[in-house]
Structures are given as structure tokens and as C-alpha cells.
There are 2 protein chains.
Amino acid sequence: MKGSLDNEARANLRAAKLYCTRCRVAILKLLGRSGGPLSQVQIARKLGGGQYDKVTIYRTLESLVNAGLVHKAFVQERAWHFELSDNCTERQCHPHFTCTGCGETHCFTGISIPMAEHAPKGFRIQRQQVRLEGLCPSCA
Amino acid sequence: MKGSLDNEARANLRAAKLYCTRCRVAILKLLGRSGGPLSQVQIARKLGGGQYDKVTIYRTLESLVNAGLVHKAFVQERAWHFELSDNCTERQCHPHFTCTGCGETHCFTGISIPMAEHAPKGFRIQRQQVRLEGLCPSCA
DNA sequence: GTAAAATCTGCAACTTAGTTGCATATTTTA
DNA sequence: TAAAATATGCAACTAAGTTGCAGATTTTAC
Ligand SMILES: [Mn+2]
Ligand SMILES: [Mn+2]
Ligand SMILES: [Zn+2]
Ligand SMILES: [Zn+2]
């Protein structure tokens, strides 16, 4: 038995007209279980060393982003971080909290922040992303 | 005559106990004139080709950030972008708007967004940064 | 089920962003 | 103006991400 996360991942891939490959399914399931956005290196490690080439992981993520299943989270780190697009509207994704103590990033899906208004004349705001910084329970 | 931006830059450097070097003064003045945060490459270009080694620019920016005169702006690009710290409180910096058409980033110093509240139990929020995406007047 | 078409994967080579060590140059202090 | 403190440039390096291409998988059509 493969579990419902597996079926869900495959259904989403089929709906997006993407091939159901081992790598895509594995990454979708991993992101589904993860408490925060993950980088290529983190994904590679969690899937088990040497399972996939890093190029494959990058290209897999790219295809998932293009299909709208995954998006890049707005975290201030050198490497890009990816997470499932669910729980996010077109205009706003939940805030991301990064602990300045341990460096961990958490999704604050329970919080919402009003969209910016009164943009300067002529600017049209389409999306807003919020990043929070502070101390997590273990580091406070 | 060297102008008031120059004097201001030098005064700020002295107050921060940093040597007044040509590079620091030039970067502070440049950021003061800029309408948005700049990357190392942009800074190097605007200061005039080959004026400073990129290592020097990075180290200069690092010293300005440590002194609190400059900070890293929260923009979704591969390279870090830097801007003057003025107009920013400890808890919140103005939002940054990036046009999805031309890629330009603008500081929206006129807008302010309420700080997040109701963090999950045990988390202490210390800073908030907001990134906006959309179309600028020329691209709309 | 099988073959052809479509797409994905791994490898090697490359680019871009940023860092480190160290010898030399500049700025400050006295 | 000399000594002390700090900044700079160069070369060499690391980390993150990209590209081209040949071979492997997945899908579609029969
Ligand atoms: Mn998230
Ligand atoms: Mn700004
Ligand atoms: Zn922490
Ligand atoms: Zn634009």
C-alpha cells in the first residue's frame, strides 16, 4: 500500500499533464510532510544520499513550479527554498518565520497580514510576501 | 566642493568608528542617491568599471551592514541587494516592490503594513519584511 | 502487450555569487 | 611623521544553479 499522499501526488501530476516520475512523486510527498520550505540540498539529503542528481532535482522543482504545484518561498538565504502551493492564494502566501538563533524557517499558516494598499500612482500590486524574523521557542 | 551627501557619509562613518575610505564614502553616497537596493555588480558598474575589486565591495558592504548604516533588502533575486538603513525601524523596513515585467525593484517608503500579531505560542517576532510583486507604471 | 513518441535523467562542463588568505597600501592616532 | 590599525587587491576557492546531450523512463496509440 502506497498511502494517500502518494495517490494525491500522482493525481496532481496527472492533472498538471506531467509524467509521474519517481522523483516528482518523492519530492511532492516530501514537501507535503515538511514543516517548512526546503532547498535542493535539504531535499537531496532527505530523499536519501545520491538517489537523484542535483540537476534532476532542480529540473523537477522547476517543472512543479511551472505547473503551479510548488512555489519558491521568500526566505533570506542564499539557496532557493521550495514548498507546496496549497494554502496560498494567488495574491498572498502565508508568512515565513526564520529564527535568528537556530536558522530554522517555519510556515506561519495561521497568521494573515492585510495586503498593502495605496501603492504609488501607476503601480499595480499583484502579490505580497511577508518574512518574519525572531526567536523560536527553543531559542527564546 | 564635495556636497552634503559627502559630508553626511563621512560623519556617519566617523560616528560608526569606521575609516573614511574612498570606497565606503562612494558606496554610501551611491546608495543615498539610488531609488532601490543595489547588488555588488550594480554598485561596481555605477561606481565606474574596475574602480574597486569585487572583494573590496563585498567587504565594504559587510562593514557598513555591521555598523548598521546599510542593510540587506528582502528581494527575490539570486544576488543580495543593499540599501541605506534610514527610514527603517528596527522592527520593520519599508516594503519592496518588484515589477514582474522589467524586473526593477522600487522602495515603497510611503506604504506601511501592520506588524504580524498572534504568532504561534513561544515564537517571538522581532522583525518583519514585506515584498510586493506586480507591474510598474511603464509595464502595466 | 508492444513500438514509437514524448519526456525525463545523469553526467560533465560551465556560470555566477560570494569567501578566504595573505602581502601591500591607506588611514588614523599620537 | 612614525607606528598601529585597518582596508585593499589579487589569486584561489566554494556553493548554488544552468546547459547540452546521450541514454533511460513514461506515456500513447495500436
Ligand atoms: Mn510556507
Ligand atoms: Mn528599500
Ligand atoms: Zn531557533
Ligand atoms: Zn516594470
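In what follows, chains carry the letters A, B, and so on, assigned in the order in which the sequence lines appear, proteins first and then strands, with residues in each chain numbered from 1.
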Q: Looking at dT9(C), I'd like to know if its phosphate oxygens (OP1 or OP2) sit under 4.0 Å from a side-chain N or O belonging to Thr21(A).
A: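 Indeed, a polar side-chain atom of Thr21(A) lies that close.
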Q: Tyr19(B) versus Leu13(B): any side-chain heavy-atom pair under 4.5 Å?
A: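 With C-beta onward as the side chain, the pair stays apart.
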Q: Rounding to a whole Å, what distance do you find between Gln76(A):CD and dA17(C):C1'?
A: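 Rounded to whole Å, this separation is 14 Å.
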Q: Between Arg14(B) and Lys54(A), which residue's closest nucleotide on DNA chain C lies nearer the 5′ terminus?
A: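 It is Lys54(A) whose nearest nucleotide is closer to the 5' end.
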Q: Would you mind telling me which residue lines up with the more 5' stretch of DNA chain D, Tyr19(B) or Asp53(B), judged by nearest nucleotide?
A: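 Looking at the nearest nucleotide for each, Tyr19(B) comes out on the 5' side.
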Q: Looking at the base of dG18(C), is there any donor atom on it, or on the side chain of Arg78(B), that sits under 3.5 Å from an acceptor on the other one?
A: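 Not at all, since no donor on one side and acceptor on the other fall under 3.5 Å apart.
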Q: When the distance from CG of Asn66(A) to P of dT7(C) is rounded to whole Å, what number comes out?
A: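 Nearest whole value for this atom pair: 14 Å.
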Q: Can you check the Leu61(B) CG to dG18(C) P distance for me, whole Å?
A: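 Going from Leu61(B) (CG) to dG18(C) (P), I get 10 Å.
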Q: When the distance from CD of Gln40(B) to P of dT19(C) is rounded to whole Å, what number comes out?
A: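 That distance rounds to 11 Å.
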Q: Do the side chains of Arg131(B) and Glu133(B) get close enough for a salt bridge, i.e. N-O under 4.0 angstrom?
A: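 Between Glu133(B) and Arg131(B) there is a salt bridge, with a charged N closer than 4.0 Å to a carboxylate O.
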Q: How long is the line joining NZ of Lys17(A) and C1' of dT28(D), in whole Å?
A: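 Interatomic distance, NZ of Lys17(A) to C1' of dT28(D): 14 Å.
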Q: Just to confirm, is there a sub-4.0 Å distance from OP1 or OP2 of dA7(D) to any side-chain nitrogen or oxygen of Arg24(B)?
A: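 So the side-chain polar atoms of Arg24(B) do come within 4.0 Å of the phosphate oxygens OP1 or OP2 of dA7(D), strictly under.
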Q: Contact class for Glu62(A) (heavy atom, under 4.0 Å): base, sugar-phosphate, or nothing?
A: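 Result for Glu62(A) = nothing.
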Q: From the list dA16(D), dT8(D), dA11(D), which nucleotide is the closest neighbour of the side chain of Tyr58(A)?
A: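 Of the options given, the side chain of Tyr58(A) lies nearest dA16(D).
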Q: Okay, side chain of Thr105(A), backbone of Gly36(A): is any donor-acceptor separation there less than 3.5 Å?
A: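 Flag not set: sc Thr105(A) to bb Gly36(A) has no pair under 3.5 Å.
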Q: For the side chain of Val41(B), counting heavy atoms from C-beta on, which of dA17(C), dT19(D), dT19(C) is nearest?
A: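 Nearest to the side-chain atoms of Val41(B), counting from C-beta on, is dA17(C).
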Q: Once you apply a heavy-atom cut-off of 4.0 Å, does Thr60(A) come out as touching a base, just sugar-phosphate, or nothing?
A: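 Here Thr60(A) touches the backbone only, sparing every base.
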Q: What I'd like to find out is whether the side chain of Ser39(A) reaches to under 4.5 Å of the side chain of Glu77(A), using heavy atoms alone.
A: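 Counting from C-beta outward, Ser39(A) and Glu77(A) never come under 4.5 Å.
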Q: Under 4.0 angstrom, heavy atoms only, what part of the nucleic acid is Arg59(B) near: base, sugar-phosphate, or nothing?
A: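 Base: the residue Arg59(B), judged by heavy atoms under 4.0 Å, touches a nucleobase.
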Q: Just the rounded figure in Å: distance from C1' of dT9(C) to CG of Leu64(A).
A: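 Spelled out: CG on Leu64(A) to C1' on dT9(C) is 15 Å.
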Q: Given His96(B), which partner from the list Gln76(B), His81(B), Glu83(B) fulfils the side-chain hydrogen bond (donor to acceptor under 3.5 Å, both in side chains) test?
A: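 Only one of Gln76(B), His81(B), Glu83(B) forms a side-chain hydrogen bond (donor to acceptor under 3.5 Å, both in side chains) with His96(B), namely Glu83(B).
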Q: Whole Å only: how far is the CD1 atom of Ile57(B) from the P atom of dG18(C)?
A: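 Roughly 12 Å, once rounded to whole Å.
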Q: Return the value, rounded to whole Å, for the distance between atom CH2 of Trp80(B) and atom P of dG18(C).
A: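 Answer to the nearest Å: 6 Å.
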